[in-house]
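Below is one structure; the comments refer to it alone.
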Amino acid sequence: MLGFAAAFEGLGPDAWLTGAVVIGIVGALMADVGRPDLVLLSGLAVLLVTGVVAPAEAFAGFSNAAVLTVGALYVVAGGVQHTNALSRLDRVLFPDTTRLGPVLARFMVPTSVLSGLLNNTPIVAMLTPRLQAWADAQDIPASKLMIPLSYAAIAGGMTTLIGTSTNLIVAGLMEAEGYAPLSLFDVTWVGVPAALVVIAYFVLGGHRLLPDRGTSAPAAEQRLGQNMFEVTVTAPSPIVGQTVAEAGLRDLGDAYLTHVRRGEEVLQGRPDRPLEEGDILAFNGSLAARERLLGRRGLTRTLPDPDDARGDPARYETLPLYEAVIAESSNLVGTTLGAANFREQYQGVVLGIQRQDEPLSGPVGTTELQAGDLLIVEAPGDFQERWSSGSREEFYLVAPRDGRARRNDASEDAEADTDRSGRAPIALGLTGAMVLAAATGLAPIVTAAFLAALLMVGTGCIRPAEAQQALNVQVLVVIAAALGVGKALETTGLAEAVARSVLSVTEPFGPVAVLVALYLLTNLLTEIITNNAAAVLMLPIAMAAASSLGAPPIAFGVLVAVAASASFLTPIGYQTNLMVMAPGGYRFSDYARVGWPVTLLVMGTSVTVISLLWL
C-alpha cells in the first residue's frame, strides 16, 4: 500500500488537474450526461484553457493517421455496402440446417473474417437484416443469433489492424510517441486465437446461455394492432377540402395520423395534405382517441376488408415499414419524436418504440428516446436508402420489416436508377487491393485506405454525398479529442504514476500478473465508457509499465488494443452490441450472463499468447 501511495508523490498541479478531468470524463460517460464526443471535447477544453496541454498538443489528434484511416475505412465499407457486394455470400453464411451449433459456425466464421478486413461495425450493420430475414424464414429465434453475430464481429476486428478503430488508435498513439508502429498483422497473433475461442465457445455449448425470445418480429410491431385504427371521411364533412393541419388532425395528444389511403394510393399524412371525401385516415393511438374521432361529423368507422382473412388492423395496406435502431450519436437521443419534429425531419412516422425486449407503453410522441431504441417506422420506399447504415450518426441499422417495405412504381424506378450491384466486383477488388498493399508494405495503411476510398468514389461504387454520410464524425471526434487527453496523461506524469502503482501491486507476482491487471483495467473502462476512450486513456499507462519492466512496447500495445475491443459484458461498451440489442430482443443482463465466460476466455488466450511471444 505504501508503494501504491508513493507512486503519486511529487505529482504537480497539472497532473492532479488532469486526473480530475479524466475522472469527470469517465463519470460523465457512465452517467450518459451527453454525447461522448461532446464530453471528450469538454474535458479537452478544460485542459487547453488551463494550460495543461498546448494547442498543438490538444489538436494534434485531428491530423493523426489513425483518425484519417478510420474515416477512409468508413468510405470503403460504404462502397461495399452500396454495391450490395455481400449479398453474394448468402449461400456461405446461411446453411440449410437449423441445428444451432452448425448455424452459428457457418455465419460466425465468415463474419469474423470480414470484420478483420472491412471494420466490424459496418459488417454488423450489413449482416443484421440478412440474418433476421433468414432467421424468420427458418423460425429460429433472433435472440439465439444476434449476440453471436456481434461477438464474432468484435473478435474478428481483433485479427488485423484495420478490423476496428481501436486497433488504429493504439497504432496511431504508439507512432506519435516514437514507438515502432504496429503493422497490419501484429495483432493477428492474438486476434485469431481469440476469435477461434469465441466461435468455439458458442458452437460447443455457449449458445445454451442465450435467451429464447421467440422470432425476431419485434414486440413493438406485435402490439401495433392494438394501437392502429382507421376512420373514413364521408359526406357531408366539414374537413373535406381542408388540410390535415386545418382539420385539427395533426396532433391529437394520444393519437396521430400516420397515412391517408385514397383509392389505391397510400399517402403520407403530411400537415399540408388536403383531405377528400372517401379518404381513409390511419391513426396510431388510444381507443379513447378513436372514440373522440368517431364522434366528429363526417368521420365513420372503417371496417376491415372482408376478403382479408388476417383481420389484423396492423396489416392494412400501409406505406413500407422499417426498423431503425437509434445510434448513440443521433440527434434523437435524449429528446422526443415530437420535439425532434420526426415526421418532417426524417420523412417517416414512428408507429412503435421497442427498448430492449419490451415495447414502451406510453405515447410514442412524448417518450424520451435512448441509444439502442428500435423504432418501427412507416415511411416512403426511399427511407432505407436515405437513412441506412451509411449514415450511422443517426441510425446504426435501417432495414425493411417482414418484407412489407413495398415500394410504389416511382420508388422502384428510382431504385433501378441507383442499382450498383454490377460494381460489386470493383468494390471487392479495391478492398482486397487495399489490404494487400498494406500487408506487403507497398503503402502505409493510411495511404492504402485513402486511395481505396477515393477510388470507391471515382468508380461510382459510392457517391460523394453517400461517402460524406458514411463518415461517422462522432467517432472521429472522439478519437481526436481523446488523443489530446491521452497526451495530457503522458506529459503531466500521471500515466507513469498510475503505471508505477499497478506495478507496485502486481510486479512481485511476475509480468503475467501485470498484463492481467492492465487487461482488466482496460476492459473495465471499455464496458463503462466505450472502447475508443478506454484505449486512449490506458495506452500511456501501459507504455509506462512496459518501460519500467523493460518489456517490448508492442506487447503492451497489443494488450490494450485487444482488451479495449473485448466488450462482451454490456451493450454499451461496443457499438455492435448496442446495434443488435433491439433486433435480438435482449435485456441488459443478457450480455453479462452470456459474456462473462467469453471475457475470461479471451483474456486468458490474449495474456497467454502475448507472454509466449514477447515476454
Minimum heavy-atom distance Leu210-Pro148, with the two atoms named: CD1-CG, 3.7 Å

Going by heavy atoms in the side chains, are Phe107 and Leu127 under 4.5 Å from each other? no

Scan side-chain atoms only and decide if Asn523 and Thr599 contain a donor-acceptor pair under the 3.5 Å cut-off. no

Partner residues of Val512 under the side-chain contact (heavy atoms from CB on, under 4.5 Å) criterion, sequence neighbours left out: Val516, Val607, Ser611

Within the distance-only criterion (no hydrogens, no angle test), does the side chain of Thr447 pair as donor or acceptor with the backbone N or O of Ala443 below 3.5 angstrom? no

Using only heavy-atom distances, determine whether the side chains of Asn577 and Ser150 contain a donor-acceptor pair under 3.5 Å. yes

For Ser183 and Asp186, which I'm curious about, is there any donor-acceptor pair between the side chains at under 3.5 Å? yes

Expected output: side-chain Arg463 to main-chain Val457 donor-acceptor under 3.5 Å: no

Walk me through it: do Val187 and Val562 pass the test side-chain contact (heavy atoms from CB on, under 4.5 Å)? CA-CA 8 Å; Val187 294; Val562 171; 5.5 Å; no

Do we see a donor-acceptor contact under 3.5 Å between the side chains of Asn531 and Thr166? yes

In this structure, are over 12 heavy atoms from other groups packed under 6.0 Å from Tyr201 atom OH? yes

Shortest non-hydrogen contact between Thr164 and Ser565, atoms and distance: CG2-OG, 3.7 Å

Donor-acceptor pair, side chain of Ser330 and main chain of Ile326, under 3.5 angstrom: no

Is there a donor-acceptor pair under 3.5 Å between the side chain of Ser501 and the backbone N or O of Val498? yes

If you look at every heavy atom in Ile462 and Glu466, which pair is closest and at what distance? CG1-CB, 3.5 Å

Test side-chain contact (heavy atoms from CB on, under 4.5 Å) applied to Val325 and Phe395, step by step: CA-CA 5 Å; Val325 179; Phe395 300 109; 6.0 Å; no

Tightest non-hydrogen contact, residues Thr188 and Leu184, listed as OG1-O, 4.2 Å

Taking every heavy atom of Pro110 against every heavy atom of Ala105, the minimum-distance pair comes out as CD-O, 4.2 Å

How about Thr121 and Tyr74: does a side-chain donor come under 3.5 Å of a side-chain acceptor? no

Taking every heavy atom of Leu73 against every heavy atom of Ala449, the minimum-distance pair comes out as CD2-CB, 4.2 Å

Give a yes or no on this: more than 12 heavy atoms of other residues, nucleotides or ligands lie within 6.0 Å of atom CH2 of Trp614. yes

Give the C-alpha distance, both sets of side-chain angles, the deciding distance and a yes or no for side-chain contact (heavy atoms from CB on, under 4.5 Å) between Met146 and Met579. CA-CA 9 Å; Met146 290 300 162; Met579 291 167 66; over 6 Å; no

Taking the inter-plane angle between the rings of Tyr151 and Phe568 on a 0 to 90° scale, is it parallel (under 30°), tilted (30 to 60°) or perpendicular (over 60°)? perpendicular

